[in-house]
Structures are given as structure tokens and as C-alpha cells.
Amino acid sequence: MIEAKNISKSFGNHRVLENVSVRFEKGKTNLVIGESGSGKTVLMKCLVGLLEVDKGMVLYDDRNFSEMLLNERKTIRQEIGMLFQGGALFDSLTVEENVMFPLNMFTTMLLEEKKDRVNFCLKRVNILNANNLVPSELSGGMKKRVAIARAIAMNPQYLFCDEPNSGIDPKTSILIDNLISEITQEYQITTVINTHDMNSVIEIGDRIAFIYNGQLWWKGNNQEILNTDNKEINDFVYATELMRKLKK
Amino acid sequence: MTKNYKPDFLKYNRTSKLIKLLLSNLSMRIFYDIGRYASLMKRVFAKPEKWVIFRKQVFVEMDNLCLGSLGIIAIISVFMGAVIVIQTAYNIEGPLIPLYTVGFTARQSLVLEFCPTMVSLILAGKVGSRISSEIGTMRVTEQIDALEIMGVNSANYLILPKVTACVLINPFLIVLSIFLGLIGGWFIAVFTGVVTTYNYLLGIQSFFVPFEIFYALIKTSVFAYIITSVSGYHGYYTRGGALEVGQSSTKAVVFSSILIILANLVLTQLLLG
């Protein structure tokens with residue numbers, strides 16, 4: 001479980017997050033949604049420690065991450081897997097080397113064991129016969145799946161996904177969503193997903209937090225979000241013609 | 001009265017106020033950069049996560065950054081040696097100056113200045129821009145964030161192998177550069193007939209002080225550190241996109257070159273002054 005307590009973050013005079021308190025449950029896909037610029041990515045970066053919070057704290061299973069020193073954070077970071085918006089695969093490494101990277105860095109596994117683990121992770125995300133390809137030879141969807149494979153290579157307890165569906169077609173998008181959801185339930189991971197994709201919200205939104213102007217505006221799940229009378233939520237959910245027609 | 005005294009041009013002139021503001025911003029910027037560079041270096045020189053991976057990375061960087069520069073260094077050195085010989089021969093025409101002076105001057109110029117400094121300046125362009133753009137691209141495509149999330153000290157993982165590789169290998173490149181420079185000088189001397197092989201060889205062996213080679217190697221190692229660390233710094237703190245990666249790359253080359261020139265002066269005064 002990950003808990004953010006009264007998190008505030010500003011850049012100069014611009015306040016991006018204001019007293020955000022939210023809890024992300026284990027074994028659930030926790031979605032953070034909101035308009036572009038609402039503070040979703042900053043919240044995620046604060047959660048993983050890429051940005052320091054100005055106020056408040058982040059707890060990983062009651063361990064206060066915000067007050068830890070860099071070396072102490074390392075232990076928790078090895079329990080974190082993260083899927084970045086663009087995949088963030090290492091350009092100079094092959095698919096196999098990318099997935100093997102955290103294993104090389106932090107385990108004492110033998111090469112054969114590492115290869116087995118890599119192949120298992122790649123198979124889990126349906127990437128076959130691509131071990132020797134470099135990221136520039138992969139499609140957008142494949143990059144995301146390889147990034148998921150790398151994120152789960154170390155058996156993480158916490159999985160963060162920053163807009164996993166951006167830049168990919170709706171079909172692949174659903175595949176990625178389902179994959180993340182399956183992995184979350186299978187390994188009982190605490191998964192936090194930043195998205196503004198309504199398909200994801202409806203498909204896999206076990207827990208949803210809506211961020212509006214840097215504040216936690218609404219909490220619920222994928223059933224409640226469709227029936228709420230909160231104006232800001234409705235403006236967001238029914239922003240597209242398709243969603244409005246579906247509502248009717 | 002004395003305490004509050006300010007020259008009139010500072011009190012009343014708008015331009016001077018603007019200059020004062022710019023200077024204070026510039027000095028703040030310099031201190032900010034120095035502080036940030038120092039804190040980055042603290043992270044760079046931490047213990048590597050795994051020595052096996054670090055060693056492998058060092059060899060990769062030796063190949064990419066140093067051995068990959070052999071071609072350009074060879075070409076520049078040969079032509080530099082040749083030009084020095086022609087210019088020296090042109091300037092010493094006279095019965096009182098012995099002909100071996102040409103070889104002597106070529107050696108001194110190559111060992112003391114041209115090879116360590118000129119070649120390092122060229123490497124600042126080639127290697128510096130490569131390091132900065134490589135790390136800068138990794139920053140803007142979130143690859144550095146990915147390293148950090150995994151718990152890897154990204155500064156150490158990305159910059160230390162480059163620094164180590166260049167500091168260790170560049171002195172060898174400079175020795176090779178001196179050798180090729182002397183060969184180039186000898187070739188042009190024989191080809192144009194400005195000095196005989198005997199006189200040229202006599203010149204390059206005359207008044208040889210081994211410390212001068214040591215001086216050249218020390219300079220080269222310091223310059224290699226400047227090139228890699230400054231370029232690494234500019235790449236590491238790149239923000240934005242492709243445009244900013246290009247700007248970082250330019251800054252890396254400019255600042256490395258300026259610092260090399262300054263370090264050259266300081267080291268020369270310390271070691272030879």
C-alpha cells in the first residue's frame with residue numbers, strides 16, 4: 001500500500017499540488033486521472049522521489065519514504081517498477097539487455113538464471129523473438145511492453161505507470177491495460193497509473209483519484225465515476241462526443 | 001559618509017544599474033553552477049554499484065570515446081608536425097642558427113603545447129559534444145529517471161566510466177600524437193629538403209628533459225577530466241527537448257574549451273614556472 005499524506009509541491013510561485021492525501025491499495029489498479037497540467041505527473045514523481053515534496057509525506061507500507069536518505073531509499077526503489085510515458089528503454093541496449101539491466105545491477109543471479117527470468121518476463125508481456133532487437137527497431141506498443149517486462153523483472157511490490165496508453169492505438173492500448181491489470185492481481189502489486197484515457201478508466205479503474213487544479217477533487221471506482229454528479233468530473237469524463245452519446 | 005559612498009555613475013545611471021543587475025545575476029549563476037557541479041561530482045565519485053559492470057563500462061567508453069578518436073588525432077598530429085617544421089625552417093634562415101633547431105623546435109612545440117592542448121581542444125569538440133548529447137538525450141527521454149527509479153546512482157553509472165576511460169587513455173593518445181607529429185615533421189623535412197634527416201633527428205634528441213613528457217601527460221589527464229566532467233554536467237542537467245540537447249552540447253564544448261585554456265595556464269605556471 002502506498003499512502004500520500006497532505007502532499008504539497010510548488011515550482012517557484014506556482015503551486016502544482018496542494019494538500020493531496022490519497023491511498024493506493026495493494027492488488028488494485030489505482031488510477032490517477034485529470035486534465036493535462038492538473039498535477040498528475042508531478043504527484044507520481046513525488047511518490048517515487050524524483051521530485052521532493054515541499055510538505056507532507058509518502059508512505060510505502062508505513063515506511064516514510066519522504067524522510068529517508070538517498071541510500072535508504074535505494075531499498076524501496078528496488079521494490080519499485082516504473083513504466084514511463086515513452087518507455088524510457090536504454091537506446092544502446094538490446095531488448096534482452098534492457099530487461100536484464102536491473103538483474104545485473106542488483107542480483108547475484110547466474111547468467112542462465114537471468115536469461116530465464118528475462119525470457120519469462122518477455123513471454124509474460126507477449127514479446128517473442130525480439131531479444132536481440134534494439135529499442136529503435138520496436139513499435140510504440142512493443143516498447144511499452146518491453147518497459148513493463150523490465151519493470152516487473154525484479155518482482156516489484158509497487159508499479160507506477162505514467163500514461164501507459166499515450167501514443168498507441170486503442171487495441172494495443174487495451175492490451176497494455178489488461179496486461180497491467182493482470183500483473184497487478186497476479187503478483188499482488190500496488191499499481192498506480194496516471195492516465196487521461198477514459199477506456200482505461202472504465203476497463204481497469206479499481207480505484208480512481210481525480211486531480212483537479214492540484215487538489216484531490218474526487219475518489220471512487222469505475223462504476224461510481226459514470227454516475228457522479230460532480231461537475232468537474234463530468235466535464236472530464238464526458239468531454240468527448242463518444243462518451244456523451246454513450247451516456248445518452 | 002565614506003561608508004555609503006557610491007560613484008555617481010552607479011547611483012544615477014540606468015545602464016549601470018542594468019549592468020549591476022546583470023553582473024549580480026551572472027555571479028549568482030556562476031556560483032549556482034559551481035555548487036551544482038560539485039554536488040554532481042560528489043555523486044559521480046561514489047562507489048560504483050557493481051565493479052564488474054563499471055569495468056565493462058570503462059572498456060566500452062575507452063573504445064567509444066578514445067579509440068574512436070584515433071583517426072582524427074593521427075591526421076591532425078601529422079599535419080601539425082609538418083607545419084611546425086616548415087614554419088620553423090622559414091623563420092630561422094641564417095648562418096648562426098644550427099639546422100638541428102628545426103627538429104628541436106618541432107619536438108618542444110609538440111610536446112609542450114600542441115599535442116596536449118590542441119588535441120585536447122579538438123577532443124573537447126568531438127568527445128565533449130558526444131558525451132553531452134548522449135547524456136542529455138537520456139535525460140529528456142526519461143532514461144536517467146528510469147535509472148534513478150531502479151535505485152541506480154545515474155551520475156556515477158553514466159559519467160564515472162567516461163571520466164575514468166578518458167583520464168587513463170588520453171595520455172596514451174597524446175604520446176601517439178607526439179610521435180606522429182614528429183613523423184609528420186620528419187616527412188616534410190625530407191620531402192621539401194629544408195633540413196636533413198640527420199639534423200632533424202639530432203634536433204629532436206637535443207636538450208631532452210624527460211619531465212617535459214610528464215608535464216604533457218599531467219596536462220592531458222587534467223584536460224581529459226575537464227572534458228568529460230564538464231560535458232557530463234551539461235548533459236546531465238539538460239531540460240526540455242532536442243533543442244536543449246543541442247544547446248547543452250554547444251555549452252559543453254565552449255565551457256570545456258575555456259576551462260582547458262585556463263587550466264593550461266595554471267598548470268604551466270605550476271609545473272614549469
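The OG1 atom of B/T141 lies 12.5 Å from the CD atom of A/Q85; values are rounded to the nearest 0.5 Å. Atoms CD1 and CD, from A/I80 and B/E148 in turn, are 12.0 Å apart once rounded to the nearest 0.5 Å. Atom CE of B/M150 is separated from atom CE of A/M154 by 9.5 Å, given to the nearest 0.5 angstrom.
With sequence neighbours excluded, no residue forms a side chain to side chain contact (heavy atoms under 4.5 Å, CB included) with A/S92.
Chain B forms more heavy-atom pairs under 4.5 Å with one residue of A/N104, A/V48, A/D162 than with any other, namely A/N104.
Near-neighbour residues of residues 42-67 of chain B relative to chain A, defined by a heavy atom under 4.5 Å from a heavy atom of that chain, comprise B/R43, B/E49, B/K50, B/I53. When the heavy atoms of residues 228-247 of chain B are compared with those of chain A, none of the residues falls under 4.5 Å. Among residues 54-64 of chain A, no residue has any heavy atom closer than 4.5 Å to a heavy atom of chain B.
For the pair B/M138 and A/D91, the minimum side-chain heavy-atom distance is 4.5 Å or more. Contact of the A/F160 side chain with the B/I149 side chain is not registered, since no non-hydrogen atoms from C-beta on lie closer than 4.5 Å.
Within a 6.0 Å radius of NZ in A/K26, no more than 12 heavy atoms belonging to other residues, nucleotides or ligands are found. Counted within 6.0 Å of OH on A/Y187, heavy atoms from surrounding residues, nucleotides or ligands total more than 12; the atom is thus considered enclosed. Counted within 6.0 Å of CZ on B/F31, heavy atoms from surrounding residues, nucleotides or ligands total 12 or fewer; the atom is thus considered open.
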Using the side chain to side chain contact (heavy atoms under 4.5 Å, CB included) rule, take A/F84 and B/Q143 through it: C-alpha gap first, then chi angles, then the decisive distance, then the call.
CA-CA 9 Å; A/F84 286 88; B/Q143 291 175 51; over 6 Å; no

Take B/D145 and A/K45 through the side chain to side chain contact (heavy atoms under 4.5 Å, CB included) test and state the conclusion after the steps.
CA-CA 10 Å; B/D145 288 345; A/K45 286 189 173 177; 4.2 Å; yes

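Between B/A146 and A/R150, the shortest heavy-atom distance links the atoms CB-NH2, 3.7 Å.
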